[in-house]
Amino acid sequence: MLEFDFLMANPPYTRAADLPSEDREKLKHSFATTTTVSISGKPPVYVYFLARSIDRVSTGGAAGFLTPQEYLATQYGTALKQYLLTECAITAFIRFDPTGESLFDDANVTSLITVVEKRASEDADNATQFIRVDDSAELHPEWLQNVINKGDDDDAALPAGVTLTRVPQADLDPTANWLAYFTCETPAIKTEKLPRLGEFVSIHRGQTTGSTGFFCLTQDQKDAFDIDTRHVTRVIRKPALVNGYVFTEADWEALRDAGEPVWLLDPDQVPTVPDSVQAATEQTETQATSADADTSNLAAYLVRGVEEHDLYEVNTLQDREPWYRIRDQASPRVLVPDAARDGFTFVLNETPARHIKNFRGFYDVDFDDVELKALLAYLNSGVGHRVLNQYTYTQQGGYDRIRISTLEDVPVIDPTDLSPELRTDLATAFDELCATARSGGDCGPVRDRIDTHLYAGLPSQSS
């Protein structure tokens, strides 16, 4: 097998989901039979490329790769990180600011440089450098080369906009989110003995409608087609419509009166409408339907929508029968956006409204109101945000994301295990947080008080 002393690469970023299933299976089989790495899930092609390339580097050789950053925080990246820890001295990860401009004119992707050495023996003293390069930074090639070569430059001489954190490689856990090392932050409390969020709630993403413009209706649309309320359910269309930390009946009614889409189409089977979207398309083309231009009812809305919303081109609807019937899902107790710029907001839902895919929801919540509000006070606090930051990753464009499986693993307080006084104090503070946000006040002092309660009632980093 041909080996290289030095290798540099910018591998393809193609998602596994974008490959034909036959090509995807060939890639997985080839990879499994030629490397010692077992990668689960559906990783993008660059993950396979990294491991396969490092396998071709000679002992003592070096390699550098420009890829997206996501593998440092995802489940499919765990096996690759374990491979790097086992086979390499990981010299540096250089992360370019995902909130700034993309490095590529024709691709809006995050950028990470991975630099490794193929080691001949175990190097217990190796320290991996996590280098964060903000968008405003002006890098000096000599300094960067010196850092990568493990020079002795004083960190105080770092170029403006560059931060560096050194972590002993022996301390790196392949199952952890390595993007957290770029923030130079640690959680404000000890989390080792805290339970995980998934021990208390089930977390599910919202409905995938296939076409939100068709399935989410305003009150005027509902009235225009005389669609009975039994054929719709309430919906919270998107996070931007939720202001603050609690969503109430009055909030839903205000959105309805403002003309926002607040109804989710949710009918039982409609006899005059074909079950498949393909058959509905053909019916529309031949006009073999009673849902003609003079008809205003549910069937008319469904059949006309096929053409008006180009539903025959929506892959989600192709295998769903009936195509207009969305999967049943109850109303969540708590809503969380699927992406955020300035920290995730955990919203108490006091309505029967459902959510769609731009939200995640908490289900199977056995806490009473005080216990749930105490948990929400923690999740929305400064302490909670610092803990959560260890589990998120930032996409190009500046949006933070956290996967459901990762969110389930976030350390949280057990409100049933708190003293009655602390539990009540946190719940009361959450109510105050909701009221302050609703009135447009400054929530910072309230979050500070929540942090004070948590510091007093939970183990601190310094204890």
Side-chain angles (χ1 to χ4, degrees), residues 17 41-42 70 73-76 177 179-180 195-210 212 215-216 233-248 251-252 255 261-262 264 266 316 326-367 371-373 375-381 384-395 397-413 415 430 433-434 437:
K42 296 181 179 180
E70 279 70 23
T74 57
Q75 186 175 5
Y76 62 70
N177 176 7
L179 290 179
R196 270 32 187 179
L197 182 58
E199 297 178 33
F200 303 115
V201 303
S202 299
I203 305 174
H204 302 289
R205 61 177 47 87
Q207 303 284 5
T208 299
T209 63
T212 54
F215 283 95
C216 294
T233 57
R234 297 186 186 192
V235 69
I236 306 172
R237 167 69 179 82
K238 55 186 177 181
L241 298 176
V242 179
N243 181 26
Y245 300 89
V246 61
F247 188 78
T248 67
D251 293 325
W252 182 87
L255 292 176
V262 294
L264 181 66
D266 190 28
T316 303
I326 297 173
R327 176 174 55 86
D328 285 336
Q329 191 173 49
S331 172
R333 290 287 301 279
V334 175
L335 290 163
V336 189
D338 70 335
R341 279 190 182 274
D342 300 311
F344 289 87
T345 301
F346 294 79
V347 178
L348 179 63
N349 180 25
E350 295 184 343
T351 75
R354 293 159 66 181
H355 60 113
I356 57 178
K357 66 178 182 178
N358 47 23
F359 277 113
R360 282 82 183 269
F362 288 10
Y363 296 85
D364 305 316
V365 182
D366 291 331
F367 297 137
E371 292 164 348
L372 179 56
K373 287 180 178 180
L375 175 62
L376 290 174
Y378 165 83
L379 289 171
N380 288 299
S381 68
H385 282 182
R386 288 185 68 182
V387 172
L388 195 69
N389 283 344
Q390 311 301 305
Y391 294 82
T392 62
Y393 66 97
T394 306
Q395 292 186 314
Y399 280 99
D400 291 329
R401 288 189 179 271
I402 184 169
R403 289 173 170 80
I404 289 179
S405 59
T406 308
L407 183 57
E408 292 172 337
D409 201 40
V410 170
V412 297
I413 59 172
F430 177 73
L433 185 67
C434 295

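Sequence positions, counted from 1, serve as the residue numbers for this chain. Heavy atoms only: backbone and side chains are in, while hydrogens, waters and symmetry mates are out.
Atoms CG and CD, on Leu376 and Glu371 in that order, are 12.0 Å from each other to the nearest 0.5 Å. With values rounded to the nearest 0.5 angstrom, Ile402 atom CD1 is found 6.5 Å from Thr392 atom OG1. Distance check, rounded to the nearest 0.5 Å: CG of Leu379 to OG1 of Thr345 gives 11.0 Å. Annotation: the span from Ser381 atom OG to Phe430 atom CZ amounts to 11.5 Å, rounded to 0.5 Å. Separation of atoms OG1 (Thr209) and CZ (Arg327) is listed at 12.0 Å; rounding is to 0.5 Å. With values rounded to the nearest 0.5 angstrom, Phe247 atom CZ is found 8.0 Å from Leu241 atom CG.
Counting only heavy atoms from C-beta outward, the side chains of Asn349 and Phe359 never approach each other to under 4.5 Å. Looking at Leu348 and Lys373, their side chains come closer than 4.5 Å, going by heavy atoms from C-beta outward. Under the 4.5 Å side-chain criterion, counting only non-hydrogen atoms from C-beta, Phe344 is in contact with Leu388. Taking 4.5 Å as the limit, every side-chain heavy atom of Gln207 sits out of range of all side-chain heavy atoms of Lys357. Tyr76 places a side-chain heavy atom less than 4.5 Å from the side chain of Glu70. Contact annotation: the side chain of His355 approaches that of Gln329 to within less than 4.5 Å [non-hydrogen atoms, C-beta and beyond]. Counting heavy atoms from C-beta outward, Val336 and Val347 have side chains that stay 4.5 Å or more apart. Side-chain contact between Tyr393 and Thr406 is absent, with no heavy atoms from C-beta onward closer than 4.5 Å.
A donor-acceptor pair under 3.5 Å is absent between the side-chain atoms of Thr208 and the main chain of Gly210, judged by distance alone.
For Thr248, the side chain to side chain contact (heavy atoms under 4.5 Å, CB included) test picks out Val246, Ala250, Asp251, Glu350, Arg438, with sequence neighbours left out. Scanning for side chain to side chain contact (heavy atoms under 4.5 Å, CB included) contacts around Asn358 gives Arg237, Lys238, Pro239, Asp338, Ile356, with sequence neighbours left out. Every residue meeting the side chain to side chain contact (heavy atoms under 4.5 Å, CB included) condition with Ala339, not counting sequence neighbours, appears here in chain and number order: Tyr399, Arg401. Applying the side chain to side chain donor-acceptor pair (under 3.5 Å) criterion to Thr316, with sequence neighbours excluded, gives no partner residue. In this view, Asp366 satisfies the side chain to side chain contact (heavy atoms under 4.5 Å, CB included) rule with no residue, not counting sequence neighbours.
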Could you go through the side-chain contact (heavy atoms from CB on, under 4.5 Å) check for Arg360 and Leu335 one step at a time? CA-CA 6 Å; Arg360 282 82 183 269; Leu335 290 163; over 6 Å; no
side-chain contact (heavy atoms from CB on, under 4.5 Å), that's the test. Do Val365 and Val334 meet it? Break it down for me. CA-CA 9 Å; Val365 182; Val334 175; 5.6 Å; no
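Of all non-hydrogen atoms in Ala353 and Ser331, the two that sit nearest each other are O-OG, 2.9 Å. Between Tyr378 and Pro411, the shortest heavy-atom contact is OH-O, 2.7 Å. Taking both residues in full, the closest heavy atoms of Ala437 and Asn243 are given as O-ND2, 4.5 Å, listed atom of the first, atom of the second, then distance. Residue Phe367 comes nearest to Leu372 through the heavy atom pair CB-N, 3.7 Å, listed as atom of the first residue, atom of the second, then distance. Residues Gln390 and Arg386 share a closest heavy-atom pair of NE2-O, 3.3 Å. The heavy-atom pair separating Cys216 from Leu264 by the smallest distance is SG-CD1, 4.1 Å.
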Cut-off 3.5 Å, no hydrogens considered: what does the side-chain donor-acceptor table look like for residues 196-205, sequence neighbours left out?
unit_1	atom_1	unit_2	atom_2	d
Arg196	NE	Asp409	O	3.1
Arg196	NH1	Thr191	O	3.4
Arg196	NH1	Leu194	O	3.0
Glu199	OE2	Arg196	N	3.0
Ser202	OG	Asp364	OD2	2.7

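Between Phe346 and Phe362, the ring planes lie tilted relative to each other; the angle falls in the 30° to 60° range.
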